[in-house]
Amino acid sequence: MMQCFHFMVEPAKNFTAKIKESHKRTNREKTEPLDEDQQFILELARDLSRVCQRSAVLEYIWNQEDVWPTPLCKVFILQWAYILESKKKTLQTDGWPEMDETKLYNLVNVQDLLQAKNVVLNWVMDLRAQPEQSVWPGEPVAKVLEDLQSAWRWGRAPNLITAMELVMWTLMLQRPDKDMIPQQWLLWKQKTQKIGAVSYIPQPVWDWITDAAVDVALDLDTANPDLLISTDEKKMRCGFERKDIPNYHQRFDGWWCALGLEGLGSGRHYWEAEVGERDWRLGVAKESALRKGFKSLNTDTGYLTLRLERGTELKALTVPFTALPPGLIPRKVGVYLDYDNSQLSFYDVEKHTHIYTYNETFTDKLFPLFGTVEIGKDLVIKSPLVKTHCLCPASCLWG
């Protein structure tokens with residue numbers, strides 16, 4: 001028995017060791033020698049991990065296993081110099097400072113970068129005066145750091161920039177309440193970088209998002225007459241002929257769309273949808289939005305949506321529309337509405353990555369929106385908290 005157990009476990013150990021060695025070898029090949037900006041990040045990671053408890057994950061940065069591209073290093077330095085300066089100002093709130101991260105790429109010059117490094121170094125000098133392992137990050141941050149370590153080692157997180165951000169912010173805080181740092185970090189990332197802001201959402205943060213899950217059912221009175229809706233009001237597809245049903249004022253009669261039954265006017269709400277590969281749209285519609293004809297369903301007409309066209313073109317329907325990288329096209333979409341914090345965000349459920357965020361002050365009730373042109377494949381609404389088991393699929397598919 002013991003020999004058999006040893007035989008089963010040993011390959012797993014070898015496999016893990018190979019992955020770790022591959023990480024080291026790949027990064028050494030890519031990053032030798034380090035330039036000044038990369039070396040700056042390395043030393044910063046060393047200083048942070050010396051003071052902050054449970055931050056061993058940063059060791060992968062200062063021992064050169066996780067080496068960031070130089071442009072990322074430059075942006076990180078400029079960004080955190082800005083944050084450090086912002087936190088010195090009076091009347092500064094406890095939230096993460098607002099900034100347009102994408103603009104930083106256009107601001108990188110030698111003088112700006114030198115000044116930014118001096119700001120960070122002045123802060124680090126105070127940090128070096130603190131005893132080793134003297135700052136407790138709080139259990140929520142500690143759990144996120146542990147998850148990031150695992151995710152990076154297994155290739156789910158491309159780098160450890162999130163770990164650096166969370167430890168930096170933890171060491172800057174002057175209050176003992178640190179439980180909401182991971183959530184504040186997510187809101188900040190989605191506000192400063194609307195497209196693909198987070199390449200891996202740590203599991204504890206993902207759990208917090210999905211804890212807001214709501215049970216969304218389709219409102220039959222809003223569904224386009226061409227749509228077939230399942231009897232459980234969770235699936236939709238296009239039919240072959242238009243149904244003869246009342247054309248209520250709230251019904252879509254142009255676009256193949258339907259709304260959720262309940263309007264959302266406060267709080268946090270999360271739902272998921274398995275989407276087709278051709279053409280779909282997801283998001284929310286304002287209660288006041290018009291639904292007739294083929295007028296564009298965009299921010300000017302009361303809709304906050306993503307749309308996939310022809311299977312390859314993913315867009316946020318702003319005015320004008322915002323094209324999104326093909327690499328962000330998901331198979332299962334998570335939609336997260338934080339009404340009170342003015343964010344509507346979209347995620348790739350399978351990869352735990354951020355796709356796009358609308359930042360807009362909400363006043364109307366918002367209704368979940370679903371659209372498809374698929375005939376042979378369902379768009380399926382899911383909720384992490386609602387698990388249904390159908391024992392008779394032939395009898396409950398379509399009403």
Side-chain angles (χ1 to χ4, degrees), residues 44-45 48-49 51-61 66 76 79-80 83-84 86-87 92-99 101 133 135-154 156-194 196-213 267-270 334-349 351-357 359 384-385:
L44 178 59
L48 297 178
S49 62
V51 176
C52 186
Q53 299 176 37
R54 302 275 289 274
S55 60
V57 61
L58 298 186
E59 179 181 347
Y60 294 112
I61 299 175
D66 177 35
F76 186 91
Q79 179 186 70
W80 281 91
I83 292 174
L84 287 164
S86 296
K87 296 304 288 184
Q92 177 70 33
T93 67
D94 287 333
W96 296 66
E98 293 185 14
M99 59 192 299
E101 187 172 308
Q133 300 295 290
V135 176
W136 168 241
E139 193 62 28
V141 171
K143 288 182 177 178
V144 169
L145 295 177
E146 290 174 2
D147 180 74
L148 287 168
Q149 178 169 333
S150 173
W152 180 80
R153 290 177 64 184
W154 287 97
R156 298 195 303 274
N159 56 54
L160 293 171
I161 189 171
T162 295
M164 285 280 280
E165 289 171 340
L166 290 170
V167 174
M168 285 278 285
W169 189 256
T170 296
L171 295 176
M172 287 170 55
L173 285 180
Q174 300 300 314
R175 67 182 197 277
D177 178 16
K178 301 169 183 174
D179 288 351
M180 294 300 291
I181 289 177
Q183 293 89 326
Q184 291 174 347
W185 164 81
L186 181 70
L187 291 171
W188 170 67
K189 293 294 287 186
Q190 294 174 166
K191 194 169 187 66
T192 57
Q193 186 179 335
K194 294 181 179 181
V198 184
S199 57
Y200 170 75
I201 298 173
Q203 189 63 47
V205 180
W206 186 259
D207 291 341
W208 174 75
I209 294 171
T210 58
D211 279 346
R268 301 190 307 119
H269 310 274
Y270 174 82
V335 184
Y336 175 58
L337 171 64
D338 189 336
Y339 193 100
D340 301 329
N341 282 301
S342 306
Q343 286 193 350
L344 176 74
S345 299
F346 301 84
Y347 307 104
D348 185 320
V349 174
K351 297 179 181 177
H352 287 198
T353 57
H354 173 254
I355 300 173
Y356 186 81
T357 291
N359 291 280
L385 297 183

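Just so it is clear, the structure is predicted and the values come from calculations on it, not from any experiment. Computation of the quantities below employed the complete heavy-atom set of this structure, encompassing side-chain atoms and omitting hydrogens, waters and symmetry-equivalent molecules.
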Out of curiosity, [X] [atom1] to [Y] [atom2], how far, rounded to the nearest 0.5 Å?
| X | Y | atom1 | atom2 | answer |
| --- | --- | --- | --- | --- |
| Trp169 | Ile181 | CH2 | CD1 | 8.5 Å |
| Leu166 | Cys52 | CG | SG | 10.0 Å |
| Glu146 | Ser55 | CD | OG | 11.5 Å |
| Thr192 | Leu187 | OG1 | CG | 10.5 Å |
| Ser150 | Leu145 | OG | CG | 13.0 Å |
| Glu165 | Ile83 | CD | CD1 | 7.5 Å |

For [X], enumerate each residue passing the side-chain hydrogen bond (donor to acceptor under 3.5 Å, both in side chains) test, keeping only those at least two apart in sequence or located in another chain.
| X | result |
| --- | --- |
| Asp207 | Gln203 |
| Glu139 | Arg54 |
| Ser345 | Gln190, Thr357 |
| Tyr339 | none |

> How would you list, by chain and number, every residue that makes a salt bridge (charged side-chain N to carboxylate O under 4.0 Å, His left out) with Glu59, sequence neighbours excluded?
Replying inline: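 None.
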>> List the residues meeting salt bridge (charged side-chain N to carboxylate O under 4.0 Å, His left out) with Arg156, not counting sequence neighbours, and say none if there are none.
In response: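 Applying salt bridge (charged side-chain N to carboxylate O under 4.0 Å, His left out) to Arg156 gives none.
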>> Quick check against the 3.5 Å criterion: does Asp340 have a side-chain atom that pairs as donor or acceptor with the backbone of Gly267?
In response: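 Side chain of Asp340 to backbone of Gly267, a donor-acceptor pair under 3.5 Å: yes, one is there.
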>> Would you call the rings of Trp80 and Trp188 parallel, tilted or perpendicular, taking 30° and 60° as the class edges?
In response: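 Trp80 vs Trp188 ring planes: perpendicular.
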> Checking side-chain contact (heavy atoms from CB on, under 4.5 Å) for the pair Trp152/Val57: CA distance, chi angles, key distance, verdict?
Replying inline: CA-CA 9 Å; Trp152 180 80; Val57 61; 5.9 Å; no
> Taking only residues two or more places apart in sequence, or in another chain, which ones meet Leu48 in a side-chain contact (heavy atoms from CB on, under 4.5 Å)?
Replying inline: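 For Leu48, the residues satisfying side-chain contact (heavy atoms from CB on, under 4.5 Å) (neighbours in sequence not counted) are Leu44, Leu58, Trp123, Leu127, Met164, Val167, Met168, Leu171.
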>> Could you work out, with side-chain contact (heavy atoms from CB on, under 4.5 Å) as the rule, every residue matching Pro140, not counting sequence neighbours?
In response: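 Testing Pro140 for side-chain contact (heavy atoms from CB on, under 4.5 Å), a comparison that skips the adjacent residues, returns Asp179, Pro182.
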>> Please enumerate all residues that pass ring-ring contact (aromatic ring centres under 6.0 Å, His included) together with His269, with sequence neighbours excluded.
In response: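 By the ring-ring contact (aromatic ring centres under 6.0 Å, His included) rule, His269 matches no residue at all.
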> Who pairs with Tyr356 by ring-ring contact (aromatic ring centres under 6.0 Å, His included), at least two apart in sequence or on another chain?
Replying inline: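 Here the qualifying residues are Tyr358.
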>> Go through it in stages, so that I can follow the logic: the residues are Gln183 and Asp338, the test is side-chain contact (heavy atoms from CB on, under 4.5 Å), and I'd like the CA-CA distance, side-chain angles, deciding distance and then a yes or no.
In response: CA-CA 11 Å; Gln183 293 89 326; Asp338 189 336; over 6 Å; no
>> If you apply the rule side-chain contact (heavy atoms from CB on, under 4.5 Å), what do you find for Tyr200 with Leu148, and how did you get there?
In response: CA-CA 9 Å; Tyr200 170 75; Leu148 287 168; 4.0 Å; yes
>> side-chain contact (heavy atoms from CB on, under 4.5 Å), that's the test. Do Asp147 and Trp206 meet it? Break it down for me.
In response: CA-CA 11 Å; Asp147 180 74; Trp206 186 259; over 6 Å; no
>> Please give me the minimum heavy-atom distance between Asp66 and Leu160, naming the atom from each residue.
In response: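 Where Asp66 meets Leu160 most closely, the heavy atoms are OD2-N, 2.9 Å.
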